[in-house]
Each structure stands twice: as C-alpha cells, then as structure tokens.
Amino acid sequence: MSAGASQLSRMIPVWDATVRVLHWTLVLTVAAAWLTRHSPGRWHEWLGYATLAIVAARTTWGFIGSRHARFADFVAPASVTAAYARSVFSGREARFVGHNPLGGWMVLLLLTMVVLVGATGWLYTTDRFWGVEWVEELHETLSNVLFLFVALHILGVVFTSVRHRENLPAAMLHGRKREEDT
C-alpha cells in the first residue's frame, strides 16, 4: 500500500453534510449581504433573513445533529479553553478531530454576531426604528465586528491547518479528517 493510500484510509468522517452545507451557505449569504449593503432593492434584507434562518437551522443541529455537530462536543468550559489557549502559545496544543476549544467558542461567537447583525437589520425595517440613526449605526458597527471575527476565524483555521498539517477548509468541504493521532 502506498503512503497516499495509507493516508486516505486513515480519513474518518467528522463534519456531516448538514454542518457543511449550513457553513458554506452562511458564508455565501453573509458575503452577499455585505456586497449588497448599498444596493437598491430588497436583496440585502432578504439575504439577512436567509442568514437568520441558516443560524436557526445550525443552532437546532447543534443540539440534535451528529456527534461533532453538537455544541456539547465542542463548547468546552472556560478553564479548558484557557488551558488550551496557553498550550497554543507554548506550541504544545493538542490536535482535535472536531473543533478545538477556541474554535468551538468562535463558532458560538460567529453565530451570535450574525443574529445580532440580523436582528438590528430587521429592527431598521420596522416602522418604529426606520431611519433611527443609532439603530443604523449599531447595525453597521456589529457588521464590522462580525467581519473582524470572521477574519480571526480564518486566521485560526490557517494557523491550525499549518500547525497540524491538515487542510481544514478541505475538510469542511468533504467532511473528513485524519483519525486521532495515536
């Protein structure tokens, strides 16, 4: 058996199709909403509603989905997350088949930010808050913070991919990763 075939045989399913489809459709709808933020028409608004629906579906799947889709699998207590962060800075962090503790908290943070951006966007469409400057400014500020967290997420994915010699974006496309190191 060749080294490539051996490596392939050690790949195990981690992220199910539902997680992957929700992840990439959320990426697309958030990006499209940002690109249409100054466009005439209702595209931006409808994309915002789509992002909220995707987050609702992902949140539901976080409780009833497959093992690595569940929040209980990857949302670690603060003490565990802090210990993991210290191990990252010392260069001795463990590899996780699913999300690592920092990645798990980033998932929650990104989902929460999308909800906040979507909620303030929706508020701005209501009669009570239409044209209210602080709502518009809050929506814009939250959008900017969301993109800051998206950038941190991407940096974390690149860092972890390099550090553990695995292509995490590819894993999020096909759903498989190397089995646990022994």
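Numbering starts at 1 and runs along the sequence shown.
Although no hydrogens or angles enter the test, the distance criterion places no donor-acceptor pair under 3.5 Å between the side chain of Arg92 and the main chain of Ser87. Without hydrogens or angle criteria, Arg70 side chain to Arg67 main chain gives no donor-acceptor distance under 3.5 Å. Not one N or O on the side chain of Trp105 forms a donor-acceptor pair closer than 3.5 Å with the backbone of Ala78. Here the side chain of Arg163 pairs a donor or acceptor atom with the backbone of Val88 at under 3.5 angstrom. Judged by distance alone, the side chain of Thr160 and the main-chain N or O of Val157 form no donor-acceptor pair under 3.5 Å. With hydrogens and angles ignored, the 3.5 Å screen pairs a side-chain donor or acceptor of Ser161 with a backbone N or O of Leu168. For Arg178 (side chain) and Arg165 (main-chain N/O), a donor-acceptor pair under 3.5 Å exists by modelled atom type.
Contact record, Ala69 with Val19: CB-CG2, 3.3 Å, taken as the closest heavy-atom pair. Closest heavy-atom contact between Thr125 and Trp130: CA-CE3, 4.4 Å. Residues Asn167 and Ala170 share a closest heavy-atom pair of OD1-N, 3.0 Å. The two atoms that bring Gly104 and Val75 nearest to each other are O-CG2, 4.3 Å, heavy atoms only. Closest approach of Leu123 and Thr126 over heavy atoms only: O-OG1, 2.6 Å. The shortest heavy-atom contact between Ala171 and Arg176 is CB-O, 3.3 Å.
In this structure the side chain of Thr59 reaches within 4.5 angstrom of the side chain of Val55, judged on heavy atoms. Counting only heavy atoms from C-beta outward, the side chains of Val30 and Phe147 approach each other to under 4.5 Å. Proximity of Phe159 to Leu102: side-chain heavy atoms (C-beta onward) are nowhere separated by under 4.5 Å. The shortest side-chain heavy-atom distance between Glu93 and Asn100 does not fall under the 4.5 Å cut-off. Using a 4.5 Å heavy-atom cutoff, the side chains of Leu111 and Val107 are in contact. Within the 4.5 Å cutoff, the side chain of Leu116 has heavy atoms near those of the Met113 side chain.
Linking ILVMFWY side-chain heavy atoms closer than 4.5 Å, directly or via other members, places Leu47 and Trp122 in two distinct hydrophobic clusters. When hydrophobic clusters are built by joining Ile, Leu, Val, Met, Phe, Trp and Tyr residues whose side-chain heavy atoms come closer than 4.5 Å, directly or via intermediates, Trp61 is not grouped with Leu28. Both Ile54 and Trp46 belong to a common hydrophobic cluster when Ile, Leu, Val, Met, Phe, Trp and Tyr are linked at side-chain heavy-atom distances under 4.5 angstrom. The hydrophobic clustering, which links ILVMFWY residues whose side-chain heavy atoms are closer than 4.5 Å, places Phe149 and Ile154 together. Placement of Val145 and Leu108 within a single hydrophobic cluster is found when ILVMFWY residues are connected by side-chain heavy-atom separations under 4.5 Å, directly or transitively.
Taking the six-membered ring wherever Trp is involved, the centroid distance between the rings of Phe96 and Phe74 does not fall below 6.0 Å.
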inquiry  = Applying side-chain contact (heavy atoms from CB on, under 4.5 Å) to Lys177 and His164, what does each step give before you reach the verdict?
reply    = CA-CA 11 Å; Lys177 287 179 70 178; His164 296 287; over 6 Å; no
inquiry  = Working note: Arg58 + Leu26, criterion side-chain contact (heavy atoms from CB on, under 4.5 Å); need CA distance, chi angles, decisive distance, verdict.
reply    = CA-CA 10 Å; Arg58 179 59 183 98; Leu26 187 60; over 6 Å; no
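In this structure, Trp24 places its CH2 atom where more than 12 heavy-atom neighbours from other residues, nucleotides or ligands lie under 6.0 Å away. When the shell of 6.0 Å around CD of Glu166 is examined, it contains more than 12 heavy atoms from other residues, nucleotides or ligands.
Rounded to the nearest 0.5 angstrom, Tyr124 OH and Trp134 CH2 are separated by 12.0 Å. Expressed to the nearest 0.5 Å, how far CD of Glu140 lies from CG of Leu138 amounts to 10.5 Å.
Partner of Leu146 under the side-chain contact (heavy atoms from CB on, under 4.5 Å) criterion, chosen from Leu109, Thr112, Val114, Thr141: Val114. Of the listed residues (His23, His174, His99), just one forms a ring-ring contact (aromatic ring centres under 6.0 Å, His included) with Trp15, and that residue is His99.
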